[in-house]
Amino acid sequence: MASYFDDTSMLRRVHREQAVALGGPRALLMMAAHPVAFEGFFMSTGALGDPYARLQRTANVLGAIAWRDRAEADRLTRRVRSMHGKVRGELHEPAGPFPAGTTYAADDPGLLLWILACLVDSSLLAYERYVRGLEEDERDAYWADYRLVGRLFGIPDEAMPGDWAGIRAYMDERLGSDELVVTPKARELGIDIVMRPPVPLAARPLVETVNQITIGLLPSRVRKGYGLRWDPVRGLAVRGGQEYARRVLVPLLPERWRLVPSARALRAAA
């Protein structure tokens, strides 16, 4: 059975690159910076009890939509929608403009759009920083693909911006509003989960490198909310690494290191 996307789609062209995974930690920290989304998608779903398993499940669903047949993608997203439909609650403490008692639902289109937008914004940012720059029509095509993903997760068309300029304006508006508040709980748990993953001692230097990339990719307001330090010297170092990766490293990498396994498998089959 046919997939929702093929190799000409911008979604596959972007997400076939391993480097796009560098946007993952940023996306999680961005999502958790919205206090209602944090409660609805992290605290109330048990995701923080085993965050890496939850992250892997999310990646599996997105991978099915991008690379596998429609029947499997529909089955997995139907399960996600069912789970979201059961998550209801309210804030126990005030956070920014949201008073205690503010209700939330994991299938609320507004909250789902924030989650989707953080994924889109972070993935494309990592792609353009570490793989290659994109033209505006390519960004439009990428967002058009993700609008289909949004529909599969239950977001109606009218709740999503129609083009890349619209989703960019949406992100800018959120970042300029008082809606993004990193609560003490989000700060503590976000740092522990994203910046201090359970890895062997030998992998710690690599984790620190990825952490610096994550901090550098965050908007300054969100970075400050998490209490993450940044300075011009680190900024220059990260930008230098991005230029080296985009101009030298990534173009020369063999496919077995550059592309995700699903993309390599499809190419081998073809």
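In what follows, every heavy atom counts, from backbone to side chain, and hydrogens, waters and symmetry copies are set aside. Predicted model only: the values in this text are computed from it and were never measured. We count residues from 1, following the sequence as given.
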Can you see which heavy atom on A27 is nearest to which on C118, and at what distance? CB-O, 3.8 Å
Counting N and O atoms only, with roles assigned by atom type, does the side chain of Y226 sit under 3.5 Å from a partner on the main chain of L29, one being a donor and the other an acceptor? yes
Side-chain heavy-atom pair R26, S123 within 4.5 angstrom cut-off: no
L112 vs F41 side-chain heavy atoms within contact, under 4.5 Å: yes
May I ask whether I115 and V181 are part of the same hydrophobic cluster, defined by side-chain heavy atoms of I, L, V, M, F, W, Y residues being less than 4.5 angstrom apart, directly or through others? no
Minimum heavy-atom distance R68-S3, with the two atoms named: O-OG, 2.9 Å
Are R12 and L266 side-chain neighbours, meaning at least one heavy-atom pair lies under 4.5 Å? yes
Going by side-chain heavy atoms closer than 4.5 Å, which hydrophobic residues are tied to V233, directly or by a chain of links? none
Could you tell me whether a side-chain N or O of T214 sits under 3.5 Å from a main-chain N or O of V210, the two making a donor and an acceptor? yes
When rounded to the nearest 0.5 Å, the distance separating OG of S122 from CG of L22 is 11.5 Å
Can you name the nearest heavy-atom pair linking P35 to A33, along with the distance? CD-O, 3.5 Å
Between the main-chain N or O of D74 and the side-chain N or O of T77, is there a donor-acceptor pair closer than 3.5 Å? yes
With clusters built from Ile, Leu, Val, Met, Phe, Trp and Tyr whose side-chain heavy atoms come within less than 4.5 Å, directly or transitively, what are the remaining members of the cluster of L253, listed by chain and number? Y244, V248, L249, L252, W257
Not counting sequence neighbours, list each pair that qualifies as a salt bridge (charged side-chain N to carboxylate O under 4.0 Å, His left out) and has a residue in residues 93-115. R88-D107
Enumerate the salt bridge (charged side-chain N to carboxylate O under 4.0 Å, His left out) contacts for residues 221-233, please, sequence neighbours excluded, ordered by first and then second residue. D231-R234
Taking every non-hydrogen atom, the tightest pair across A263 and W67: CB-CH2, 3.6 Å
Is there a path of hydrophobic side-chain contacts, each under 4.5 Å between heavy atoms of I, L, V, M, F, W or Y residues, that connects L148 with I167? yes
Given 3.5 Å as the limit, does a donor-acceptor pair link the side chain of E128 with the main chain of L134, or not? yes
Sequence neighbours left out, what passes side chain to side chain contact (heavy atoms under 4.5 Å, CB included) with A66? Give chain and number order. L11
From OG (S177) to CG (D172), nearest 0.5 Å: 11.0 Å
I'd like to know if E136 pairs up with R139 as an ion pair, taking the criterion as any Lys NZ or Arg NE/NH1/NH2 lying under 4.0 Å from an Asp or Glu carboxylate oxygen. yes
Go through V238 and W230 one step at a time and tell me if the side chain to side chain contact (heavy atoms under 4.5 Å, CB included) criterion holds. CA-CA 11 Å; V238 168; W230 195 243; 3.5 Å; yes
Rounded to the nearest 0.5 Å, how far does CZ of R264 lie from CD of Q18? 6.5 Å
Does V131 have any side chain to side chain contact (heavy atoms under 4.5 Å, CB included) partners at least two apart in sequence or in another chain, and if so, which? E17, A19, Y127, V250, R258
Distance, nearest 0.5 Å, that separates CZ of R16 from CD of E255: 8.5 Å
If you take all heavy atoms of V87 and G40, which pair is closest and at what distance? CG1-O, 3.5 Å
Charged N to carboxylate O below 4.0 Å: is that the case for D7 and R267? no
What residues form a salt bridge (charged side-chain N to carboxylate O under 4.0 Å, His left out) with D140, not counting sequence neighbours? none
So, do M10 and W143 sit near enough that their side-chain heavy atoms are less than 4.5 Å apart? no
Could you check whether any side-chain N or O of D178 sits under 3.5 Å from a backbone N or O of P97, counting only pairs where one atom can act as donor and the other as acceptor? no
Pair V14-D145, side chain to side chain contact (heavy atoms under 4.5 Å, CB included): steps then yes or no: CA-CA 11 Å; V14 169; D145 288 344; over 6 Å; no
Closest contact, heavy atoms only, A21 versus P25: O-CD, 3.6 Å
All ring-ring contact (aromatic ring centres under 6.0 Å, His included) counterparts of F5, not counting sequence neighbours: none
Side chain to side chain contact (heavy atoms under 4.5 Å, CB included), that's the test. Do Q242 and Y130 meet it? Break it down for me. CA-CA 5 Å; Q242 291 167 351; Y130 289 94; 3.2 Å; yes
Find the distance between CG (L124) and CZ (R129) and round it off to the nearest 0.5 Å. 11.5 Å
Would a 4.5 Å heavy-atom cut-off, applied to side chains only, mark E179 and W114 as touching? no
Show me the donor-acceptor pairs within less than 3.5 Å that the side chains of residues 149-166 make with the rest of the protein, sequence neighbours left out.
{"from": "R151", "atom 1": "NH1", "to": "D157", "atom 2": "OD1", "distance (Å)": "2.9"}
{"from": "D163", "atom 1": "OD1", "to": "A165", "atom 2": "N", "distance (Å)": "3.4"}
{"from": "D163", "atom 1": "OD1", "to": "G166", "atom 2": "N", "distance (Å)": "2.8"}

Heavy atoms, side chains only, cut-off 4.5 Å: are R174 and M30 in contact? no
Do F98 and H34 have ring centres separated by under 6.0 Å? yes
Residues in side-chain hydrogen bond (donor to acceptor under 3.5 Å, both in side chains) contact with T8, at least two apart in sequence or another chain: D6
Residues in side-chain hydrogen bond (donor to acceptor under 3.5 Å, both in side chains) with H15, at least two apart? Y142
Are more than 12 heavy atoms, taken from residues, nucleotides or ligands other than E135, located less than 6.0 Å from that residue's CD atom? no
Give a yes or no on whether the backbone of G225 and the side-chain of R187 come within a donor-acceptor separation of less than 3.5 Å. yes
Taking ILVMFWY side chains as joined if any heavy atoms are under 4.5 angstrom apart, and letting links pass through other members, which residues group with L259? none
Say you draw a straight line from CG of L206 to CG of N211; how long is it, rounded to the nearest 0.5 Å? 9.5 Å
